[in-house]
Amino acid sequence: MISNAEVAKVLREIGEYLEMQGVAFKPRAYEKAADAVAGSGEQVSEIYEKGGLKTLEEIPGVGASIAEKIEELLKTGRLKYYEELKKKTPVDLGNLVQIEGLGPKNIKKLYENLKIKNLDDLEKAARAGKIRRLESFGEKSEERILKGIEFLKKSGGRAVLGFIMPVVRNIEERLKSLGEVEKVAVCGSIRRMQETIGDIDILVTSKKPRSVIDYFAAMPEVEHVYGKGETKTMVRLKIGLDADLRVVEPVSYGAAVQYFTGSKEHNIALREIAIKKGYKLNEYGLFSSGGGDRMIAGRDEKEIYEKLGLMWMPPELRTDSGEIEAAKTGKLPKLIEYGSLQGDLQIQTDWTDGKNSIEEMARAAVSLGLEYIAITDHTERLAMTGGLDKKKIVKQWAEIDKIQRKLGGRIKILKGTECDILKDGSLDLPDKVLAKLDVVGVAIHSRFNLSRRDQTERIKKAISNKHVHIFFHPTGRIIGRREAYEINMDEITETAKKTGTVLEIDAFPARLDLKDEHIRKCVAAGVKMSIDSDAHSVSHFQYLEFGIAQARRGWAERNDIINAWPLEKMRKFLKR
DNA sequence: GCCGTTTTCGGCCCGACTGTTTTCAGTCG
């Protein structure tokens, strides 16, 4: 079966090939279609199965011609049009365009003059000094290419947000503390709280731009300064990320924050609205485009949205996937707030693979203001973690009771489990033990490569057990390391709805599982979710924030997230 | 190639930077 990601990749490459040939407008059309397919919560293969060509055309950005191409891909696994383009210029586009500063036109030039087809060829040619001899290339382009290759090798290009956020916040705080800095805003994918980020974009206003720029470029975490001017500096950080600092005029601050927050698609949609209203929108402000370019708004981000006839919206929503229509009609969701969780329903301790004791975890949770936690250690099947069997878990209950007495009313410690789902969908603890637990979470930790059908049935069976409350990290993906196992998420969501099972949003930064598109479907279907830290040490509680971000990107409100509720309401829901 | 509170043709987001040019193409966000 061909996944959305694969279809999107082919469409995107077609766009790039057409760009290469200097074709007008079509490249954008293919790029847009690729984005739509990649971002679709539903598999295009399933959309096609259900309704054929016509339903494919309902995907925004997909028309008759691209629908046919998707059909051909789904049916035959190949696409003639794509293959012909590839034959004409047989290069590894997917990887080559990853190099910063290298686009389709230059890739074509490199291929035609030096027969460069892939990253290896590129690196060799650059090292041999061949590239600088090409027309319109020079020494600097060659250097940049080598740096780009190195970056790609080292980091895969993107960093997991939750892991680098402390670095970002530290830089932000230091900038704020500078006397000459007035306002600071971290923008881009960080402000949108995306799962991963490609670089760090920071905006400031200041009366002494030069001195702020000098400070930034000289920070100890800077490895290399790419460039430094009057209003902007770009640096490479030692952690392997690029960071840009821009100084903007106060009168344009709101417009700049809006612009640099993105997403690109969201901004395009906003500018289209501006044009329809007879305005022009750029990073300096909103202007009336009729003679003289009078400024309508710019100092304040909210004002820009309002002048465009939209409600201001949280950055997490800015993906051009319905938020603009909602903002037009006043139907934006009231997103779950940061800091609004009252409990955490997945926590590991030193009874299995956690680093801290039950008491240490409980005390850490108290200090964060949580009102309840569930201790959910692994079960026997996960031998490498020293998983608890039916006898050992009973012993743990006694320990929990003891610590509960010690901590008194400061926090409620619930007895739980992260029970393994076995190959056939049965569970790693007997029902009579599960029945005595406050919180039964289940999870897949083995046999990731079952067929889609078998995996789906396995999970459906597990969450249909009447003792099961929550399905932990439902897709199993780990960012940058492991793909999700094959499942039919729609069927699982449906079963969860029927059985009242909660689907987890695992907040651990490399998991963030469910994904935003799944969350949005759960919200629409009325399937409840929990946001859990999956903490394996006291320091991991801080990751709850990124789970909330994930939920917000999935349009979730407080009522969708059971551990944003008070203890009694939450427990009543689990017991139904 | 897509799309339509200007609709089935004629538009399609915008500005800055870089490196190489001597007036600009390519790329990026």
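Fair warning: this is a prediction, and the values are worked out from it, not measured in the lab. Quick note on labels: first sequence line is chain A, next is B, and so on, each numbered from 1.
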For [X], answer base if it contacts any base atom (sugar-phosphate contacts may also be present), sugar-phosphate if it contacts only those atoms, and nothing otherwise; contact means non-hydrogen atoms under 4.0 Å.
X: A:M234; value: sugar-phosphate
X: A:K140; value: sugar-phosphate
X: A:I14; value: nothing
X: A:P27; value: nothing
X: A:L18; value: nothing
X: A:K69; value: sugar-phosphate
X: A:A64; value: sugar-phosphate
X: A:L102; value: sugar-phosphate

When you measure from the side-chain N and O atoms of [X] to the phosphate of [N], is any distance below 4.0 Å, counting only OP1 and OP2?
X: A:R28; N: B:dC13; answer: yes
X: A:N267; N: B:dG29; answer: no
X: A:K280; N: B:dG15; answer: yes
X: A:N282; N: B:dG15; answer: yes
X: A:K32; N: B:dC12; answer: no

Are the side chain of A:S263 and the backbone of A:H266 linked by a donor-acceptor contact shorter than 3.5 Å?
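Judged by distance alone, yes, a pair lies under 3.5 Å.
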
Taking A:T205 for the side chain and A:K183 for the main chain, is one N or O donor matched with an acceptor at less than 3.5 Å?
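Yes, A:T205 side chain to A:K183 backbone: donor-acceptor pair under 3.5 Å.
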
Minimum heavy-atom distance between A:L102 and A:I107, given as atom pair plus value:
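Where A:L102 meets A:I107 most closely, the heavy atoms are CG-CG1, 3.9 Å.
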
Protein-nucleotide distance ([X], atom [atom1]; [N], atom [atom2]), rounded to Å:
X: A:I268; N: B:dC13; atom1: CD1; atom2: P; answer: 7 Å
X: A:L93; N: B:dT27; atom1: CG; atom2: P; answer: 11 Å
X: A:K228; N: B:dC17; atom1: NZ; atom2: C1'; answer: 18 Å
X: A:D199; N: B:dC28; atom1: CG; atom2: C1'; answer: 10 Å
X: A:I275; N: B:dG15; atom1: CD1; atom2: C1'; answer: 13 Å
X: A:E142; N: B:dT18; atom1: CD; atom2: C1'; answer: 16 Å
X: A:E283; N: B:dC28; atom1: CD; atom2: C1'; answer: 12 Å
X: A:L11; N: B:dC2; atom1: CG; atom2: P; answer: 10 Å

Measure up the A:Y226 and A:H224 rings against each other and bin them: parallel (under 30°), tilted (30 to 60°), perpendicular (over 60°).
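Taking A:H224 first and then A:Y226, their aromatic rings stand perpendicular (interplane angle over 60°).
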
Side chains of A:K109 and A:S136: donor-acceptor distance under 3.5 Å anywhere?
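On atom types as modelled, these side chains qualify, holding a pair under 3.5 Å.
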
Nearest-Å distance once atom [atom1] is located in both [N] and [M]:
N: B:dC12; M: B:dT22; atom1: P; result: 31 Å
N: B:dG11; M: B:dC17; atom1: P; result: 31 Å
N: B:dC13; M: B:dC3; atom1: C1'; result: 16 Å
N: B:dT8; M: B:dC14; atom1: C1'; result: 28 Å
N: B:dT27; M: B:dT21; atom1: P; result: 16 Å
N: B:dG1; M: B:dT5; atom1: P; result: 23 Å
N: B:dT23; M: B:dT18; atom1: C1'; result: 15 Å

Starting the side chain at C-beta, find the nucleotide from [options] nearest to [X].
X: A:I66; options: B:dG1, B:dG26, B:dC13; result: B:dG1
X: A:D201; options: B:dG29, B:dG19, B:dA16; result: B:dG29
X: A:Y284; options: B:dC14, B:dA16, B:dC2; result: B:dA16
X: A:P104; options: B:dT6, B:dT27, B:dC14; result: B:dT27
X: A:A29; options: B:dC17, B:dC14, B:dG1; result: B:dG1
X: A:S65; options: B:dT6, B:dC2, B:dC13; result: B:dC2

B:dC3 - base-pair partner by Watson-Crick or wobble geometry, distances under 3.5 Å:
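Across all strands, the one nucleotide that pairs with B:dC3 is B:dG10.
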
By nearest heavy atom, map A:A33 and A:Y279 onto DNA chain B; which one lands nearer the 5' end?
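The answer here is A:A33.
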
Please figure out whether A:Y30 or A:N106 has its closest DNA chain B nucleotide nearer the 5' end.
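The residue whose closest nucleotide sits nearer the 5' end is A:Y30.
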
To the closest 0.5 Å, what do you measure between NZ (A:K86) and CG (A:L93)?
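Here the interatomic distance stands at 6.0 Å.
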
Considering only heavy atoms and no angle criterion, is a donor-acceptor pair shorter than 3.5 Å present between the side chain of A:Y259 and the base of B:dG29?
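Check passes, donor-acceptor contact within cut-off.
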
Charged N to carboxylate O under 4.0 angstrom, A:R192 versus A:E323?
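No, this pair does not count.
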
Decide, yes or no, whether a salt bridge links A:E173 with A:R169 under the criterion of side-chain N to carboxylate O below 4.0 Å.
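Salt bridge: no.
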
When you compare the ring of A:F25 with the six-membered ring of B:dC12's base, are the centres less than 5.5 Å apart and the planes under 30° from each other?
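The ring of A:F25 is stacked on B:dC12.
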
